[in-house]
Structures are given as C-alpha cells and as structure tokens.
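The structure under discussion appears below in the form of structure tokens.
Below, read A as the first sequence line, B as the second, and so on, with proteins coming before strands; counting in each chain starts at 1.
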Amino acid sequence: MNSKRYTITAALPYANGPLHIGHIAGAYLPADIYVRYLKSKGHDVAFICGSDEHGAAITLRAKKEGKTPQQIVDENHTIIEKAFADFGIDFSIYHRTSSKIHHETAAAFFTDLHQKGAFTQETSNQFYDEEQQQFLADRYIIGTCPKCGFDGAYGDQCEKCGSTLSPADLINPTSAISGNTPVLKETTHWYLPMNRHEKWLTEWLDKGTLDGKPHHNPKQWKKNVIGQCKSWIDNGLQPRSITRDLDWGVKVPVKGGEGKVLYVWFDAPIGYISATKQWAANNNKNWEDYWKNPETELVHFIGKDNIVFHAIIFPIILKLHGEFNLPTNVPANEFLNLEGNKISTSRNWAVWLHEYLADFPNKQDELRYVLTSIAPETKDSEFTWKDYQARVNNELVAILGNFVNRTVVLTHKYFEGKVPELNSISVEAQNVLEQIGTITKNVENLITQFKFRDAQTEAMTLARLGNKYLADTEPWKLIKTDEEKVKTILHIALQICGGLATIFTPFLPKTATKLAQFLNISLDEKLVAGHQINQPELLFQKIEDEEIETQIKKLSTREHAPLLQTPLKKIKPMKEEITFDDFTKMDIRIGTILTAEKHPDADKLLKLTVDTGIDTRTIVSGIAQHYNPEEIIGKQVSVLVNLAPRKIRGIESKGMILMAENTEGNLAFVSPEKVIDNGGEVR
RNA sequence: GGCGAGGUAGCUCAGUUGGUUAGAGCGCCGGAUUCAUAACCCGGAGGUCGAGAGUUCAAAUCUCUCUCUCGCUACCA
C-alpha cells in the first residue's frame, strides 16, 4: 500500500460555549474515525482543529461579564480542548485563532489577495452608536426578531428561533452598548467579489476539474453539498463583505483598515492553515507539504450549516492565493436532533459533552458507537436516551462484548488461557477465516467512502459471525468428545477477536486497546498458537433504566432559559418626549376586519380588508404566524389610518393594524373592550 | 414565495444505470440452547416504498401535481 499525505480538518468550534453531542456526531467523530483509519494504514495525516475565538459575540459577552475577550476565549478554549481530549478526538493539534501565528497568517493572506486585486471596496451605511462613537457590529444591535418576534435578537442571528438576520431586519434596533437607538453612518469595507469565480467553481463542483485538470471525483461528494453549492451559484454569487468594524480579531493590515478586523468567513478557515503551521513547527515538519503539495488530500469535515464556506468561499480564497490545494472532499453532515426537538444551545436543549463524560465515566466508546450508528449522514437524525440504552445493551454488550467474553472465558477454561493449535481446517472453518478478511475489506471500503454508519454496522457483523460460529460448533459440548476440534474452534474464535480489535480501532479506540490487552498483543500483532492471553474483564456494562431516566429528567427539568445570554433590555426604554401635537398627528381609528387571506407571495403576511368607518381599505399585516385568516374576520381592531400607503410585497397597504407584543414576541390586537362604531377615534 | 436535501417495516437506515414474492440491524412474537453480562443461535410476523396522476411489457427507482420535515433565501408588524 502506498502511503499518502492527508490534511484533515474539523470545523473550528466557536469559543463561546461548550460542545454538545450534535457537534460531535456531525463533524468531530466522523473526522476522528477517518483519521484513525488513515493512520492505521500508515498514511501521513495532519488532523487539524482549534477554537474560533473572534467575533462580536465574544466581545459582547466579555463586556457583559466584565471580562476581557481574551479571558472569555481562554476559559472556553480550555473547556473545549479538555472535552475533546477526554472524549478521545485525536487531533494532531487543537489550536486557536487568537494566537500570534494565526494573526500573522491571516493578515498575510489578506495582504497577498489585496495586492492581487482580489477585493473590492464598498461603502455602505451601517448602524453607528453616536454616544459611544463606534460602529456597531451585527451582534451589538439588539431588537425584535422579525421571524419569531423574540425581543432580544441580535443583528446577525436570533438566538431564540435561530434565524440568520441582518441588522436592518430588526424591529426597533437598539445599541447593545448604550441602549440608544443607533443611526446609520457610512463606512467602507472590503468585499470578496465571489461572482468573479462562478465559472471555475461550477466546473470544479460539476466535473471535479480545476484549470482543466482532474482534481477530485465529484461522484464521491455528498448530494447535499453539491446541491447547496449549485443552488448558490445558480442564484448568482454576490460580493461578500470580509471585514467588520470591530476591535477584536485580526486587524485589517492595509491602509484604511484602522478599527476594522477580518470577518469570520475569511478569518476562521485560515485557522486551519495557521494551526498546521504551529503543529509543523512543534513536530519538525514542513507545513507546506500539507497545504501546497498537490499530492496531499485536503478534506474538511463540517456540519451542513458550513457548506458554502468550505465548498465555495474558502476554495475561492485558496485559489486566489494560488499556491494552495483545494479540498478534495467536504463531507458535510446534517443535524442531530435530541428527544424530538432541535438541539439548541440558547435554550439549553442539549446533551453537553463535558456533562456526559462526567455522568458516564469511561463510556466514551459507548457514545461514539451510538453517535456513529445514528450519524446524520444523509438526513437529520435523532438521539434519544432510550435508543442510546438499547444500542449499548443490545449491540455493544450483547453482541460484541459477549462474544469476546465467551471466547476468552472458554480459552481459559479449557486451555489455561493459551491460544490453542489450529488443527484440521474444515470447509466451514476456512470459510469463517476468509470472512474475517472480507469483512475487514468491506469496512475499509465504506470508511474511504465516508459511510461511517454503514462501516460500523459491517464491523459489527464480524462479532455476529463469531457468535454464530460458536453456536454452530458448540465447543462446550465437543470438549467432552473431541478436544482437538475444540482447539481449532477456539483458535479461530480468538482470531476473530483479534480481527475485531483491528477493525474497531477507528470506531472504538479504547475498546480496541482493551481487547488487545485481553489478548495480550499489540494492535498490529497476530495471535499465534501457544500465546498466553490475559484474564478478561467485561468490555461493556449494561446501561440501567435509572441512568437513562436520570438523563431524561435532567433534560426536561433543566432551566431552558437562554444559557449564554439574556437580552440586555427586556422592556425597551422610553422614547424621547413628544408634544401633544405630535400625538394628534396620528389618526387611529377602530375598524372591523371584513376579509382576510394569506398574501400570495409571503409566508408572514395577511392581506386584510378593513372597514375603518371612513372607507373600506386594504391593509397588509405581518401577522400570518399569529392568526389564521378565518378567525379574525369580524374582529374590531385599532388602525393607524393616516399612515402613508406603502407597497408591501406587491400589494399596496393603506395604514397599519396596531399590535401589542409581549416579551415572547406574541402579538395581540389592540381591540376596544366593548363594541365601538367603526371610525371611532382612539385618543 | 424561490432554491436545495429528505419523506421506505415500531426505531435507525440500505435500495446501484427502472426488471422476478422491497432489504439490514435493533425492537416484538415463537423455537432451540446454556460457554457467556437471562446474553448468543434459528424461525416468524410487520411496509398499497408521503399522496395522486402519467410514461413503460415492467417504477421505491423516470415525468408532472400536491403534501409534510429540515436547511438556505425573500417578504414583514
């Protein structure tokens, strides 16, 4: 087998919170399995990961907790790094983007591309806090989420419903620093004109060719990855801002970049490169071998939320630079749900890795097995504690653990723990020995195709084969009549155990090591007759009902309030004082909704006709997610009738229905407490 | 609304370029067995393959319409 060189990356976790099982199942565990397999085959692998430590979410949190951003990321980096180490994800290096070497690398990358004319500069209006005299990063703007109505949504994302937002989307934006209403002010940023790269990207994704030369086999890429990238390209790629007005991050290293830093899309993926540099320096290697030698395979393991960054944006950056390899595959997984709901950091609906490790000490492989069994490789999948228990008890304990145990126990019982001779080999026995090789081959093929779930299932069939072989040959009966045959049987059963140790190494590294210890061999050593094996312990313990119930209870009784943040201001501050005249400019009347129907081109809008007493008019209102059209017909509501008409999604809306909103973002009509004639004034 | 990915046995999932009675593991039921963590082994039941229509000698597999889930994206008080 010829040895190749691989650079394997796993998505950089954001250093703003701990890891949960969704992260593990989606990216880190498949990557780890792949890497352990490659290493076992003698390949040269750099397995790269690290904390993504920049961004406004961290500065904001630092400000709130009265710490420096560095303190925040130091804390989280330590927690995450430890959880990975305890769980047994075997990174070559777990690095961090706040390091000096990363800042230098990212800045140099920017400078290089800037000199090549790869960027454009654009001036736009951004929110600016006049009191603090600074531009507000998306995260620094808090307002009402337009999707779910949550009152503490950030300018880039709503932590409640998870929607991706832009600051202009927010209703009633306020500055997270001062609480003031921000103003729009001009600022200039660097953009990556992705539209320039559509042509070669399309060819690269469709045919797997780069500059006309074969690069990778697109058939091995997952459908969801190709599909989403094509979708983006078909809709036309847009120039994308790669700098931000913020003081925490990699400083923009060119003229005019004062007070600006590189944005995450640009900064974080380069973290893979800087981490590799650090690792190479520590281990006396040449990092360029892992990024610039075209023989080296580059594979990014990520979740589906990261697809376009790794399969479009980062490749553009790498190709612009000109010396770097592009990924030969980007195996993105879908999402893992938990007990019927989406995993949510902010709602604390998650199984945290560090908590699992504390609650289930030395059960890393049990979690690895279950998460691989249900890995969301082709669609979202679901983790339940009952399923965890069933898989551990019925598969790991009953099939794998039990086979190893019965084989080793029988060997001790009949042959004092010495591997017996392989005597005459029957056809069946020969068949079984061949199966060990066949199954091993199958598992390897599946791993190289990134089908880890299938690969693990196939590995399990070797243990099934072992159990069946023992049941078929019944050595416990035969021992009374034909000891020579029993020797052969147990020899073969022990060979299966040896095969299991090898085959499960990438999936269950601790178990494989333990099994090798029972057999008293190293993992690449063959068992020979006469070899003394050790007394076994149990490979796996059953998971009792109480343990599972405890976990389920823990999930359901835990505080589901946001874990990481509470909005700074639940109740918005009073607006500036106005005069009575200002108030009387608004003409608010009581009207009755006559008809209501869904807006044909929008999910959240209803098209209403309202009798205002003055007239009957059309009003478009964004309440479709709160009310069904049928239920509101005939309802009396308050209407701002003298608001300038405006076209909303193609339909002219004349006036506005007044809505009251609670802190959860639920809307309610402001209706008169008893029936009032239409046209009645509100004052 | 647009785009992408999905909807196959109770659960987690396979089903290659359309081809005989639709598969696997686990669960369930029955049998056999006792070396083993009441485990293993054998057998069985369970699916109008999201719905409908079409193409075809033949469709889970191709086309169209609809529907539900997830993601991206648009609109919005």
Point to revise | Parallel, tilted or perpendicular, as decided by the 30° and 60° cut-offs, for the rings of Phe360(A) and Tyr356(A) | key: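 The rings of Tyr356(A) and Phe360(A) lie parallel, inter-plane angle below 30°.
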Exercise for review: Applying salt bridge (Lys or Arg N to Asp or Glu O under 4.0 Å), name anything that partners Glu474(A), two or more places apart in sequence or on another chain.
Suggested key: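 So Glu474(A) forms a salt bridge (Lys or Arg N to Asp or Glu O under 4.0 Å) with Lys477(A).
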Exercise for review: Measure from CD1 on Ile343(A) to P on rC70(B) and round the result to the nearest Å.
Suggested key: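 In whole Å, rC70(B) P and Ile343(A) CD1 are 15 Å from each other.
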Review point. Per the ring pair (Phe, Tyr, Trp, His ring centres under 6.0 Å) rule, which among Phe314(A), Tyr191(A), Phe309(A) passes with Trp265(A)?
Key: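 In the set Phe314(A), Tyr191(A), Phe309(A), the residue that makes a ring pair (Phe, Tyr, Trp, His ring centres under 6.0 Å) with Trp265(A) is Phe309(A).
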Exercise for review: Go along nucleotides 3-13 of chain B 5' to 3' and tag each nucleotide: B for a protein heavy atom under 4.0 Å from its base, S when only backbone or sugar atoms are that close, - otherwise.
Suggested key: SSSSS----SS
Exercise for review: Produce a footprint string for nucleotides 40-47 of chain B: one letter per nucleotide, 5' end first; B if the base is under 4.0 Å from any protein heavy atom, S if only the sugar-phosphate is, - if neither.
Suggested key: SSS-----
Check your understanding: Applying the side-chain contact (heavy atoms from CB on, under 4.5 Å) test to Phe452(A), which of Thr372(A), Leu446(A), Val443(A), Leu29(A) qualifies?
Key ->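 Answer after filtering Thr372(A), Leu446(A), Val443(A), Leu29(A): Thr372(A).
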Review point. Looking at the angle O4'-C1'-N9-C4 for a purine or O4'-C1'-N1-C2 for a pyrimidine, is rG46(B) syn or anti, with syn meaning within 90° of 0?
Key: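 What rG46(B) shows is a syn base, its glycosidic angle lying within 90° of 0.
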**Study point:** RNA chain B contacts among residues 473-498 of chain A, heavy-atom distance under 4.0 Å
**Key:**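 By residue number: Trp476(A), Lys477(A).
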Point to revise | Inter- and intrachain pairs under salt bridge (Lys or Arg N to Asp or Glu O under 4.0 Å), touching residues 392-410 of chain A, at least two apart | key: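 As it turns out, the salt bridge (Lys or Arg N to Asp or Glu O under 4.0 Å) pairs with a partner in residues 392-410 of chain A, which skip direct neighbours, are Arg391(A)-Glu395(A).
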Practice item. Would you mind listing every salt bridge (Lys or Arg N to Asp or Glu O under 4.0 Å) that reaches into residues 459-468 of chain A, with sequence neighbours excluded? Key: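 Matches after skipping sequence neighbours: Lys468(A)-Asp472(A).
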Tell me, please, which residues at least two apart from [X] pass side-chain hydrogen bond (donor to acceptor under 3.5 Å, both in side chains).
X	value
Arg240(A)	none
Asn362(A)	none
Gln551(A)	Asp359(A)
Glu203(A)	Thr209(A)

Practice item. Could you check whether Phe540(A) gets within reach of a base, just the sugar-phosphate, or nothing at all, counting any heavy atom under 4.0 Å? Key: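 If one applies the 4.0 Å heavy-atom cut-off, Phe540(A) turns out to touch a base.
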Exercise for review: Identify whether any heavy atom of Leu539(A) sits under 4.0 Å from a base atom; if not, whether one sits that close to sugar-phosphate; answer base, sugar-phosphate or nothing.
Suggested key: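 Contact class for Leu539(A): base.
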**Study point:** Per-nucleotide pairing state of RNA chain B [Watson-Crick or G-U, under 3.5 Å; [ ] pseudoknot-crossing; | other strand]
**Key:** (((((((..((((.....[...)))).((((.........)))).....(((((..]....))))))))))))....
All N/O donor-acceptor pairs, side-chain side in residues 535-542 of chain A, below 3.5 Å, sequence neighbours left out:
{"unit_1": "Gln535(A)", "atom_1": "NE2", "unit_2": "His412(A)", "atom_2": "ND1", "d": "3.4"}

